S.K.: 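One structure coming up, written as structure tokens, with questions to follow.
Note that the coordinates shown come from a computational prediction; the quantities given were computed from them, not determined experimentally. Chain A is the first sequence line, chain B the second, and so forth, proteins listed ahead of strands; every chain is numbered from 1.
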There are 2 protein chains.
Amino acid sequence: MLSSCIDHSPRRLAAAGSNTLGSGKTTSFHIALMAGVSQATVSRALRDSPLVSEATREKVKQIARDLNYHVDRSAAGLRSGQTRTLAVLLFEDDTIGDASVNPYFLSMLGHITRSAARRDYDVLVAFQQLSENWHQHYEISNRADGIILLGYGDFVSFDDKLERLRRDDAHFVVWGASAPGLDGRSVGCENRLGGEIATRHLLSLGRRRIAFFGEMDERCPEFRDRYDGYTDALNAEGIDIDPALQFDARGKESLGVQAVEQLLASGTQFDAIFAASDLIAIGAIAALHEAGLSVPGDVSVVGYDDIHAASCITPALTTIRQDPRAAAGALVDLLLTRIAGGKGDSRQLPPQLIVRKSCGSDKIKS
Amino acid sequence: MLSSCIDHSPRRLAAAGSNTLGSGKTTSFHIALMAGVSQATVSRALRDSPLVSEATREKVKQIARDLNYHVDRSAAGLRSGQTRTLAVLLFEDDTIGDASVNPYFLSMLGHITRSAARRDYDVLVAFQQLSENWHQHYEISNRADGIILLGYGDFVSFDDKLERLRRDDAHFVVWGASAPGLDGRSVGCENRLGGEIATRHLLSLGRRRIAFFGEMDERCPEFRDRYDGYTDALNAEGIDIDPALQFDARGKESLGVQAVEQLLASGTQFDAIFAASDLIAIGAIAALHEAGLSVPGDVSVVGYDDIHAASCITPALTTIRQDPRAAAGALVDLLLTRIAGGKGDSRQLPPQLIVRKSCGSDKIKS
DNA sequence: CTGAAAGCGCTTACAG
DNA sequence: CTGAAAGCGCTTACAG
């Protein structure tokens, strides 16, 4: 029955025939055979091409459903030159001991995936050590139409690598601080404003000796921006910046613990801590508790990111929220714009203060 | 220069020639041309085939590096029938309000990705609502050599869907309780043993009125197993099971909060809580604090999973650890075994008690 | 609106 | 150890 047919291409016919009779996967030729149309029409119908009549489209789709047929993406990808896949590259900071990814990026990954799915794109994930070569980039750039870089940190010292990506005409966007070579490629948060808001909140509560926990390394330009916001707020109140109140800490609890220990050991007076990330803040609170200090009784603490754990700890952490859903959406939008050949604009999302328990809600006399 | 050459296939030559002269991507034909070998040899050399001499392989690889050439995975996939990609499907439990993924699965995703990368496989992620149709499965099964199902819950009521996957000869493995149709496809934790260990720990601390928070729904077979372990431990001590101490709670903080409120409202005496997940435990602790109760002073709490937040909260949560790295490794191993045509065995990983602060370390008189 | 044909860039028998 | 050839399953000009 299948050998009496519409498709007159002998090779195709033989293939379809043997597949149908024996084993082998279902292809668009089988659908064509059953629908009594050409394989090209099947392809068009399945892709909702306006070049196909309503009736034909429906018939083809019904048969495809019945046979549980799905387009072979490798074949489609090869032919069209598009994978309809986006790659997300997460950088692990291996300079701080065990490799680990900030939970904030993990939740962003989820939102990116949903956002991409809505646009009919799949998401490939990869983790990469900050210190590794970027070979994987090129590998992955071969499997996706574009790349989203997360947790990459400093885009200045890695500029040569980005330059190479650009030279290869790779489509990519990054989450983080905007930098010279990143026009139309970055989505971030207004970190300076976020730092200012956090610090102003502490000031409004009467805190005056506010420590800042966050590395002033060029690898963490966002921390630097938050620090600048911190000094903005302090300056606005006419408070001198005390360098003894700044402690380096990368985004990890143990570094927050460490910073508190150093601060305590230094004997410097303080009544609040602005941590450049929630992870640091969480470590700091644990260390404060350990030292017998009350939060927010003795010390107010503000974090940054609003990761899941922030709302779970006691006291619940007041923090600056960077909306991961909005961030993910903006990243995907920008990347798809670039893939489509457009230019797109970099964006800085607004930070939002989330007041919880870790600062105290009443005015406190300094 | 490139037009005087080795490759005598006119079509190929023309293509390679025009690519080299004009724009277009670098292909294995370009490498072949430059290396003075056939395209087939380039393909073999790049795949480290033993059929290629050392010298030829090195020459080819060097040229490929120089030209920043990478194999087109769509073409390779189409030809070989292998994508060298694994899909991870994360189920979101949308029956409990806002869709969200347990952080435990997110961290497992990271480990799966690393594990797969070591075996030279890429990972595709997708999130799916528990209530949605599984269309996406089929879509995704077309883009990967195999699927890992995470957070899926109950494999009994979804048996027809699994049956369909099986019928389509899809390679898949699941994280969770083993079930009849899942021989050689599941990796889980010895949940009953885990429940017993958690409960025995509480008993060893002198606790006698131990509440169990965890849904007894068929969608959560793992919770059921943990409950059985709980009753095992109680029975071994000759303690009667009091149904008034069991409260339904799905894996989410707010449900833990709710369960505590119900427990308190019921007036039932209790001195400990065994929560079937860390998320529930974290919510319970917050609610206990809210009610003015001390943890572990008044109530001891044990969780399950050992998610990141468990070690961050105050008091740090004692919990049953399911090693996500080992779990991910086992899942990937099993799936690759199946993809290779082998059978493989389901595995139950050992649970491990992590003692922290939430239970108190001293004996407590009941 | 539909079909015949070409060809995307590989891998893999087959032959030597 | 190497090469010539076939063909994986699609999409997309091209022609009608």
S.K.: Pick from A:Leu90, A:Val174, A:Leu89: which one makes a side-chain contact (heavy atoms from CB on, under 4.5 Å) with A:Leu150?
M.R.: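 Only one option passes, and that is A:Leu90.
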S.K.: Does a side-chain N or O from B:Thr41 land closer than 4.0 Å to OP1 or OP2 of D:dG3, or not?
M.R.: yes
S.K.: Is the phosphate of C:dG9, meaning OP1 or OP2, less than 4.0 Å from a side-chain N or O of B:Tyr69?
M.R.: no
S.K.: Quick check for you: among D:dG3, D:dT2, D:dC10, whose closest atom lies nearest to any side-chain atom of A:Thr27?
M.R.: D:dC10
S.K.: In whole Å, what separates the P atom of C:dC14 from that of C:dC10?
M.R.: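 It works out to 23 Å between them.
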S.K.: May I have the distance from B:Phe29 (atom CZ) to C:dG7 (atom C1'), rounded to whole angstrom?
M.R.: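 To the nearest whole Å, that distance equals 12 Å.
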S.K.: Taking only residues two or more places apart in sequence or in another chain, which ones pass side-chain hydrogen bond (donor to acceptor under 3.5 Å, both in side chains) with B:Lys61?
M.R.: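 Counting only residues at least two positions away or on another chain, B:Lys61 forms a side-chain hydrogen bond (donor to acceptor under 3.5 Å, both in side chains) with B:Asp48.
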S.K.: When we call it a touch if two heavy atoms are under 4.0 Å apart, what does A:Ser74 touch: a base, just sugar-phosphate, or nothing?
M.R.: nothing
S.K.: Holding to side-chain hydrogen bond (donor to acceptor under 3.5 Å, both in side chains), I want the full list of residues that pass it with A:Thr83, two or more places apart in sequence or in another chain.
M.R.: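 Per chain and number, A:Thr83 pairs via side-chain hydrogen bond (donor to acceptor under 3.5 Å, both in side chains) with A:Asp145.
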S.K.: Under the rule for salt bridge (charged side-chain N to carboxylate O under 4.0 Å, His left out), what residues qualify as partners of B:Asp333, not counting sequence neighbours?
M.R.: B:Arg119
S.K.: Within this structure, what is the CG-to-P distance between A:Asp48 and C:dC1, rounded to whole angstrom?
M.R.: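 Atom-to-atom, A:Asp48 to C:dC1, this comes out as 14 Å.
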S.K.: Between atom CD1 in A:Ile31 and atom C1' in D:dG9, what is the gap in whole Å?
M.R.: 13 Å
S.K.: Applying side-chain contact (heavy atoms from CB on, under 4.5 Å), can you list everything that pairs with A:Arg347, at least two apart in sequence or on another chain?
M.R.: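 A:Arg347: side-chain contact (heavy atoms from CB on, under 4.5 Å) contacts with A:Ala330, A:Leu349.
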S.K.: Quick one: closest heavy-atom pair of A:Ala116 and A:Val123, and the distance?
M.R.: CB-CG2, 3.7 Å
S.K.: Determine the stems involving DNA chain C; a stem requires 3 or more consecutive pairs of the Watson-Crick or G-U wobble kind, each with both distances below 3.5 Å, and the answer is none if no such run exists.
M.R.: C:1-3 with D:14-16, C:5-12 with D:5-12, C:14-16 with D:1-3
S.K.: Mind calculating the distance between CG (B:Leu51) and C1' (C:dC14) to the nearest angstrom?
M.R.: 13 Å
S.K.: Can you name the salt bridge (charged side-chain N to carboxylate O under 4.0 Å, His left out) partners of B:Arg57, sequence neighbours left out?
M.R.: B:Glu54
S.K.: To the nearest angstrom, how far is A:Lys59 atom NZ from C:dT2 atom P?
M.R.: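 One finds 9 Å between P of C:dT2 and NZ of A:Lys59, rounded.
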S.K.: When rounded to the nearest Å, what value does the distance between P atoms of D:dT2 and D:dA6 take?
M.R.: 23 Å
S.K.: Polar atom pairs between nucleotides 11-13 of chain D and protein, under 3.5 Å, N or O only, would you list them?
M.R.:
{"from": "D:dT11", "atom 1": "OP2", "to": "A:Ser43", "atom 2": "OG", "distance (Å)": "2.2"}
{"from": "D:dT11", "atom 1": "O2", "to": "A:Arg79", "atom 2": "NE", "distance (Å)": "3.4"}
{"from": "D:dT11", "atom 1": "O2", "to": "A:Arg79", "atom 2": "NH1", "distance (Å)": "2.2"}
{"from": "D:dT11", "atom 1": "O4", "to": "A:Gln39", "atom 2": "OE1", "distance (Å)": "3.1"}
{"from": "D:dT12", "atom 1": "OP2", "to": "A:Arg47", "atom 2": "NH2", "distance (Å)": "3.3"}
{"from": "D:dT12", "atom 1": "O4'", "to": "A:Arg79", "atom 2": "NH2", "distance (Å)": "3.1"}
{"from": "D:dA13", "atom 1": "N6", "to": "A:Arg44", "atom 2": "NH2", "distance (Å)": "2.8"}

S.K.: Could you tell me which residues satisfy side-chain hydrogen bond (donor to acceptor under 3.5 Å, both in side chains) with A:Ser53, sequence neighbours excluded, listed by chain and number?
M.R.: A:Thr56
S.K.: Give the rounded distance in Å between these two atoms: CG of A:Leu78 and C1' of C:dG7.
M.R.: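 In whole Å, C:dG7 C1' and A:Leu78 CG are 9 Å from each other.
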S.K.: Give the rounded distance in Å between these two atoms: NE2 of A:His70 and C1' of D:dC10.
M.R.: 16 Å
S.K.: Taking side-chain hydrogen bond (donor to acceptor under 3.5 Å, both in side chains) as the test, write out the residues that go with A:Thr85, two or more places apart.
M.R.: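 Scan of A:Thr85 (side-chain hydrogen bond (donor to acceptor under 3.5 Å, both in side chains), adjacent residues dropped) gives B:Arg143.
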S.K.: Using whole Å, report how far CZ of B:Arg57 lies from C1' of D:dC1.
M.R.: 11 Å
